[in-house]
Student: 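Once you've had a glance at the structure underneath, I'll fire off some questions.
What you see is a predicted model, and the numbers here were worked out from it, not measured in a lab.
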Amino acid sequence: MPALPEYVRKIDAAEILVRGWRSDTPRSHVVTVRWPRAHAFYTLHGKAISPLLFTESIRQALAVLSHTVHRIPLDHRLGWEYVRSSVVTPVFTSGPVPTTVDMRIVHTAVQRRRLGSVRVAARIDATCGETYVGCAEIGYITHPPAIYRRLRGRYADAKAAFERALPPAPAARPRHVGRVRVRDVVLSPTVQPGSWRLRVDTTNQVLFDHPHDHVPGMVMLEAAAQAAQAEALPRRVLPVSFDAVFSRYVELDQPCWIAIAPAADDLLGRPRLRADTIQDDQVVASVLVATEPLEGGRATG
């Protein structure tokens, strides 16, 4: 059975990926997720699967373990501090999509603060049967309502903040950023090379399943992925590795920019790009994304 919606922060039951979990040791747990054979958002042009489906699976799995294993109350607000992930490319590009994935999660740190906040770090290794899918390291923090209200001020009310969201800017051409539909595009072109405006469409029911008081981290990862595809034109590429740091909340009622710059290749020799999220003249998130070429042609249209 799928996890309860409140555990994974999803209202649409079709978007709940977690199907079960069990303990191996006090620090190690296995969470089973089920992936759809096709998905309106995560299935890309050419039938490749976005590795961000793996990231979303981890997000849900950690939320479930936070509330069950670590007994963090459901009214706590969870936020990423860093995400480092890498996937095995053929799993997402060749053959049938894995439908059942087991994620072994080892919590390397659980630090409880005096006023109720909890800082958590975890290592994740994912398999589908005998096939290795990918790995990740994620750090996140949870805050009880009183601290979150003090931290967020007038933005703490998610419904009110959501209603103040700016309308989405004009979309980049979907195929140029690895997408098929305009609604899934999170970048808007600018006249300045290497610069995009973050396009936030709160009607996208995968990225915004319910009212948020800020732009979710998944949107910044998706922006980096789309920018990497745009920079690779006319070749098609798949974002296979992310190294992201989130330093501040990204507000819905202010414009936000994505600054792109080349970065050194990763340890496997894969090309990387740096995507800095800038709001109010401050870098609020930074993502290094590595890509591998996708077979099957060039991005057009």
Side-chain angles (χ1 to χ4, degrees), residues 42 44 48-59 62 79-89 91-93 108 121-126 132-141 172 176-179 185-187 190 192-200 207 214-233 235-250 256-279 281-294 299:
Y42 295 112
L44 306 176
I49 302 299
S50 169
L52 287 178
L53 177 60
F54 173 55
T55 311
E56 170 61 16
S57 300
I58 294 170
R59 186 199 67 77
L62 291 176
W80 285 344
E81 295 187 317
Y82 63 85
V83 173
R84 295 188 285 269
S85 66
S86 183
V87 301
V88 177
T89 304
V91 173
F92 294 83
T93 59
T108 55
R123 161 83 188 193
I124 301 96
D125 290 279
Y132 193 68
V133 173
C135 61
E137 294 179 344
I138 292 185
Y140 63 99
I141 192 166
H176 286 190
V177 295
R179 285 293 173 178
V185 174
V186 298
L187 294 179
T190 72
Q192 183 176 347
S195 178
W196 301 84
R197 180 170 175 177
L198 186 66
R199 181 177 186 270
V200 179
L207 296 174
H214 61 276
V215 181
M218 284 290 290
V219 177
M220 269 70 79
L221 296 180
E222 178 64 28
Q226 294 187 15
Q229 175 57 76
E231 291 295 310
L233 287 174
R235 296 178 300 112
R236 294 184 60 232
V237 297
L238 189 73
V240 293
S241 174
F242 295 89
D243 187 345
V245 175
F246 303 93
S247 52
R248 291 186 59 183
Y249 294 97
V250 178
C256 187
W257 311 94
I258 306 294
I260 304 303
D265 292 354
D266 70 6
L267 295 177
L268 298 178
R270 300 178 297 196
R272 288 197 300 180
L273 172 147
R274 182 186 185 97
D276 287 336
T277 303
I278 300 170
Q279 191 170 66
D281 295 325
Q282 297 187 58
V283 176
V284 293
S286 186
V287 183
L288 282 169
V289 55
T291 60
E292 289 197 8
L294 264 176

Student: How close do Ala227 and Leu187 get, counting heavy atoms only, and between which atoms?
Tutor: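 Taking Ala227 first and Leu187 second, the nearest heavy atoms are N-CD1, 3.5 Å.
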Student: State the CZ-CG distance between Arg59 and Leu221, to the nearest 0.5 angstrom.
Tutor: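 Arg59 atom CZ to Leu221 atom CG measures 12.0 Å (nearest 0.5 Å).
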Student: Identify every side-chain donor-acceptor pair in residues 242-249 under 3.5 Å, counting partners at least two apart or on other chains, and give the distances.
Tutor:
{"from": "Ser247", "atom 1": "OG", "to": "Val283", "atom 2": "O", "distance (Å)": "3.3"}
{"from": "Ser247", "atom 1": "OG", "to": "Val284", "atom 2": "O", "distance (Å)": "3.0"}
{"from": "Arg248", "atom 1": "NH1", "to": "Gln282", "atom 2": "OE1", "distance (Å)": "2.9"}

Student: Between Ile278 and Ala259, which heavy-atom pair has the shortest distance, and what is it?
Tutor: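 Shortest heavy-atom contact: CD1-CB, 3.9 Å.
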Student: Do Val250 and Val219 have side chains that approach each other closer than 4.5 Å (heavy atoms only, starting at C-beta)?
Tutor: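 No, every pair of side-chain atoms sits at 4.5 Å or beyond.
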Student: Sequence neighbours left out, what passes side-chain contact (heavy atoms from CB on, under 4.5 Å) with Ala172? Give chain and number order.
Tutor: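 Scan of Ala172 (side-chain contact (heavy atoms from CB on, under 4.5 Å), adjacent residues dropped) gives Val177, Val185, Pro189, Trp196.
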Student: Donor-acceptor pair, distance only, cut-off 3.5 Å: does the side chain of Ser241 make one with the backbone of Ser85?
Tutor: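 Present.
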Student: Could you walk me through whether Val87 and Leu238 satisfy the side chain to side chain contact (heavy atoms under 4.5 Å, CB included) test, starting with their C-alpha distance in whole Å, then the side-chain angles of each, then the deciding distance to 0.1 Å, before giving a yes or no?
Tutor: CA-CA 10 Å; Val87 301; Leu238 189 73; 5.6 Å; no
Student: In the structure I gave you, are the side-chain heavy atoms of Arg179 and Leu44 within less than 4.5 Å of one another anywhere?
Tutor: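 Answer yes - side chains close enough.
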Student: Enter the distance from Leu52:CG to Glu222:CD here, rounded to the nearest 0.5 Å.
Tutor: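 Reported to 0.5 Å precision, the distance equals 5.5 Å.
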Student: So, do Trp257 and Asp276 sit near enough that their side-chain heavy atoms are less than 4.5 Å apart?
Tutor: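 No. Closest side-chain heavy atoms not under 4.5 Å.
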Student: Ignoring hydrogens, what is the shortest heavy-atom contact between Ile58 and Ala136? Give both atom names and the distance.
Tutor: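 For Ile58 and Ala136, the tightest heavy-atom pair comes out as CD1-CB, 3.5 Å.
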Student: Identify the two heavy atoms, one from Ala121 and one from Tyr82, that lie closest to each other, and give their separation to 0.1 Å.
Tutor: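 For Ala121 versus Tyr82, the nearest heavy atoms are CB-OH, 3.7 Å.
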Student: Side chain of Thr190, backbone of Ser195: donor and acceptor closer than 3.5 Å?
Tutor: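 Yes.
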Student: Let me check something: any side-chain donor-acceptor pairs from residues 261-269 under 3.5 Å, sequence neighbours excluded? List them with distances.
Tutor:
{"from": "Asp266", "atom 1": "OD1", "to": "Leu268", "atom 2": "N", "distance (Å)": "2.9"}
{"from": "Asp266", "atom 1": "OD1", "to": "Gly269", "atom 2": "N", "distance (Å)": "3.1"}
{"from": "Asp266", "atom 1": "OD1", "to": "Arg270", "atom 2": "N", "distance (Å)": "2.8"}
{"from": "Asp266", "atom 1": "OD2", "to": "Arg270", "atom 2": "NE", "distance (Å)": "2.7"}
{"from": "Asp266", "atom 1": "OD2", "to": "Arg270", "atom 2": "NH2", "distance (Å)": "3.0"}

Student: Which pair of heavy atoms, one from Ala48 and one from Thr93, lies closest together, and at what distance?
Tutor: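 Minimum heavy-atom contact is CB-CG2, 4.5 Å.
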Student: Could you walk me through whether Asp125 and Tyr132 satisfy the side chain to side chain contact (heavy atoms under 4.5 Å, CB included) test, starting with their C-alpha distance in whole Å, then the side-chain angles of each, then the deciding distance to 0.1 Å, before giving a yes or no?
Tutor: CA-CA 8 Å; Asp125 290 279; Tyr132 193 68; 2.5 Å; yes
Student: Taking C-beta and beyond as the side chain, do Ile258 and Thr277 meet within less than 4.5 Å on heavy atoms?
Tutor: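 Yes; the side chains approach each other to less than 4.5 Å.
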Student: Say you draw a straight line from OH of Tyr42 to OG1 of Thr55; how long is it, rounded to the nearest 0.5 Å?
Tutor: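 Output value for this atom pair is 8.0 Å.
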Student: What's the spacing between Gln226 CD and Arg199 CZ if we round to 0.5 Å?
Tutor: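 Gln226 atom CD to Arg199 atom CZ measures 9.5 Å (nearest 0.5 Å).
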Student: Heavy-atom distance under 4.5 Å between the side chains of Leu288 and Arg274, does that happen here?
Tutor: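 Of all side-chain heavy-atom pairs linking Arg274 with Leu288, at least one is under 4.5 Å.
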Student: Minimum heavy-atom separation for Phe54 to Ala126, with atom names?
Tutor: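 Looks like CE1-CB, 3.5 Å.
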Student: Contact between Arg236 and Gln229 at the side-chain level, heavy atoms closer than 4.5 Å - yes or no?
Tutor: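 When only atoms from C-beta onward are counted, Gln229 and Arg236 do touch, with a gap below 4.5 Å.
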Student: Given the rule in the side chain to side chain contact (heavy atoms under 4.5 Å, CB included) test, do Tyr140 and Glu81 qualify, once you have shown the distances and angles that lead to the verdict?
Tutor: CA-CA 5 Å; Tyr140 63 99; Glu81 295 187 317; 5.6 Å; no
Student: Would you check if Leu198 and Met220 make a side-chain contact, meaning some heavy-atom pair closer than 4.5 Å?
Tutor: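 They are in side-chain contact.
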